[in-house]
Amino acid sequence: MTVITYSVIPYQCKTEIQFSKLQPNISYMLWWFGAVVKNPVNSENPLLQVLFRKIIKRTQTEIVLGDLVKEELPVATISQYLIGSIWLNGKSSEIVDYPEVHVELSYQAGQWFVKSFNSSRNNVEPYPNDLYPLMYGNNDFSKMLEFNTKHGEKMVVNCMEFYRASYGFSLELKRVLMTYPYQTNSAQKDSIESILLPVVTNPQANHNEWE
């Protein structure tokens, strides 16, 4: 059981989502993101494990959360999945007003890392594992982003939350980034580079030039 004591503010999600695991007429809070998994129906649109917690009690001063419920939803619509948003019957109109924390980061090499905090790898866990559990236990090596801050602290961010916040609301951009390798050795196979950064030839230049 987890208790949230932050206030709740209005939030309007424009998309109605069809859930398969969340029960009707019961409120849930979007809690965390798990692994990216294959879509058995459409290989070009992978799925994301989106973790919710059932709201078992709510008052003016606190929200009591129950067990995790895992939904597998399209990665392409991740911009709609805000951590802290409250969902009822496929719609969200409220979100927890978490406090803002401003930190100074560097994206230079050596100042950020991609790490697994699975306890079997003897890494120091940045949070209790039962708060944000790994879906596959000791076999789950899902990665997190760890940043060094200007003042010597370390900040850990869920990779999918960073991805959601960094790449805007373009469904096609998100689909391409999650579906294709960055580069391929074959001109017949698509890649992130060939789709998003195509070579544009100049018809007025000679055969060996490009721009």
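All values below were derived from every heavy atom in this structure, side-chain atoms included, with hydrogens, water molecules and symmetry-related copies excluded. A quick note: this is a predicted structure, and the numbers were derived from the prediction, not measured.
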To the nearest 0.5 angstrom, please state how far the [atom1] atom of [X] sits from the [atom2] atom of [Y].
{"X": "Leu145", "Y": "Met160", "atom1": "CG", "atom2": "CE", "value": "11.0 Å"}
{"X": "Gln111", "Y": "Leu105", "atom1": "CD", "atom2": "CG", "value": "9.5 Å"}
{"X": "Thr149", "Y": "Lys154", "atom1": "OG1", "atom2": "NZ", "value": "9.0 Å"}
{"X": "Ile9", "Y": "Ser93", "atom1": "CD1", "atom2": "OG", "value": "12.0 Å"}
{"X": "Lys115", "Y": "Lys143", "atom1": "NZ", "atom2": "NZ", "value": "12.0 Å"}
{"X": "Ile86", "Y": "Cys13", "atom1": "CD1", "atom2": "SG", "value": "13.5 Å"}

message: Under the criterion side chain to side chain contact (heavy atoms under 4.5 Å, CB included), I'd like the reasoning laid out for Leu30 against Leu82: C-alpha separation, chi angles, the key distance, then a yes or no.
response: CA-CA 7 Å; Leu30 198 156; Leu82 298 188; 6.0 Å; no

query: With sequence neighbours left out, what residues match Thr77 under side chain to side chain donor-acceptor pair (under 3.5 Å)?
result: Tyr81

message: Restricting to ring pair (Phe, Tyr, Trp, His ring centres under 6.0 Å), what partner residues turn up for Tyr6, sequence neighbours left out?
response: Tyr98

Taking the side chain as every heavy atom from C-beta outward, state whether [X] and [Y] have any atom pair closer than 4.5 Å.
{"X": "Leu47", "Y": "Lys38", "answer": "no"}
{"X": "Pro46", "Y": "Thr179", "answer": "yes"}
{"X": "Gln23", "Y": "Tyr28", "answer": "yes"}
{"X": "Phe113", "Y": "Phe147", "answer": "no"}
{"X": "Ile4", "Y": "Glu62", "answer": "no"}
{"X": "Asp97", "Y": "Val8", "answer": "no"}
{"X": "Met144", "Y": "Val157", "answer": "no"}
{"X": "Leu65", "Y": "Met29", "answer": "yes"}

Ala76 to Asn45 - nearest heavy-atom pair and separation: CB-OD1, 3.8 Å

- request: Check Ser79 against Arg164 and note the closest heavy-atom contact, atom names and distance.
  value: CA-CG, 3.9 Å

Main-chain N/O of [Y] paired with [X] side-chain donor or acceptor, under 3.5 Å:
{"X": "Gln18", "Y": "Gly90", "value": "no"}
{"X": "Asn89", "Y": "Pro24", "value": "no"}
{"X": "Glu71", "Y": "Lys21", "value": "yes"}
{"X": "Arg53", "Y": "Gly66", "value": "yes"}

task: Report the residues that fulfil salt bridge (Lys or Arg N to Asp or Glu O under 4.0 Å) with Glu72, sequence neighbours left out, ordered by chain and then residue number.
output: none

Check whether [X] and [Y] end up in the same hydrophobic cluster, where Ile, Leu, Val, Met, Phe, Trp and Tyr are linked by side-chain heavy atoms less than 4.5 Å apart.
{"X": "Trp31", "Y": "Phe33", "value": "yes"}
{"X": "Trp32", "Y": "Val64", "value": "no"}
{"X": "Val37", "Y": "Val69", "value": "yes"}
{"X": "Tyr11", "Y": "Ile55", "value": "no"}
{"X": "Val114", "Y": "Tyr182", "value": "no"}

Qualifying salt bridge (charged side-chain N to carboxylate O under 4.0 Å, His left out) pairs, either residue in residues 99-111, two or more places apart: Glu104-Lys150

field: Partner residues of Lys91 under the side-chain contact (heavy atoms from CB on, under 4.5 Å) criterion, sequence neighbours left out
entry: Glu16

- request: Return the set of residues passing side-chain contact (heavy atoms from CB on, under 4.5 Å) with Ile195 (not counting sequence neighbours), or none when no residue passes.
  value: Val176, Tyr180, Asp190

query: Does the side chain to side chain contact (heavy atoms under 4.5 Å, CB included) test come out yes or no for Ile95 and Ile83, once each step is laid out?
result: CA-CA 8 Å; Ile95 191 169; Ile83 290 177; over 6 Å; no

task: Give the C-alpha distance, both sets of side-chain angles, the deciding distance and a yes or no for side chain to side chain contact (heavy atoms under 4.5 Å, CB included) between Thr2 and Ile63.
output: CA-CA 8 Å; Thr2 303; Ile63 298 175; over 6 Å; no

- request: Step through the shown structure and confirm whether more than 12 heavy atoms of other residues, nucleotides or ligands are within 6.0 Å of CH2 on Trp112.
  value: no

- prompt: Under 30°, 30 to 60°, or over 60°: which ring-plane class applies to Phe52 and Trp87, parallel, tilted or perpendicular?
  reply: perpendicular

task: Show your working on side chain to side chain contact (heavy atoms under 4.5 Å, CB included) between Ile78 and Leu73 and close with a plain yes or no.
output: CA-CA 8 Å; Ile78 192 175; Leu73 303 173; over 6 Å; no

message: Assess the residue pair Ser85 and Glu94 against the criterion (side-chain hydrogen bond (donor to acceptor under 3.5 Å, both in side chains)); give the C-alpha distance rounded to whole Å, side-chain angles, the decisive distance to 0.1 Å, and a yes or no.
response: CA-CA 6 Å; Ser85 55; Glu94 297 177 301; over 6 Å; no

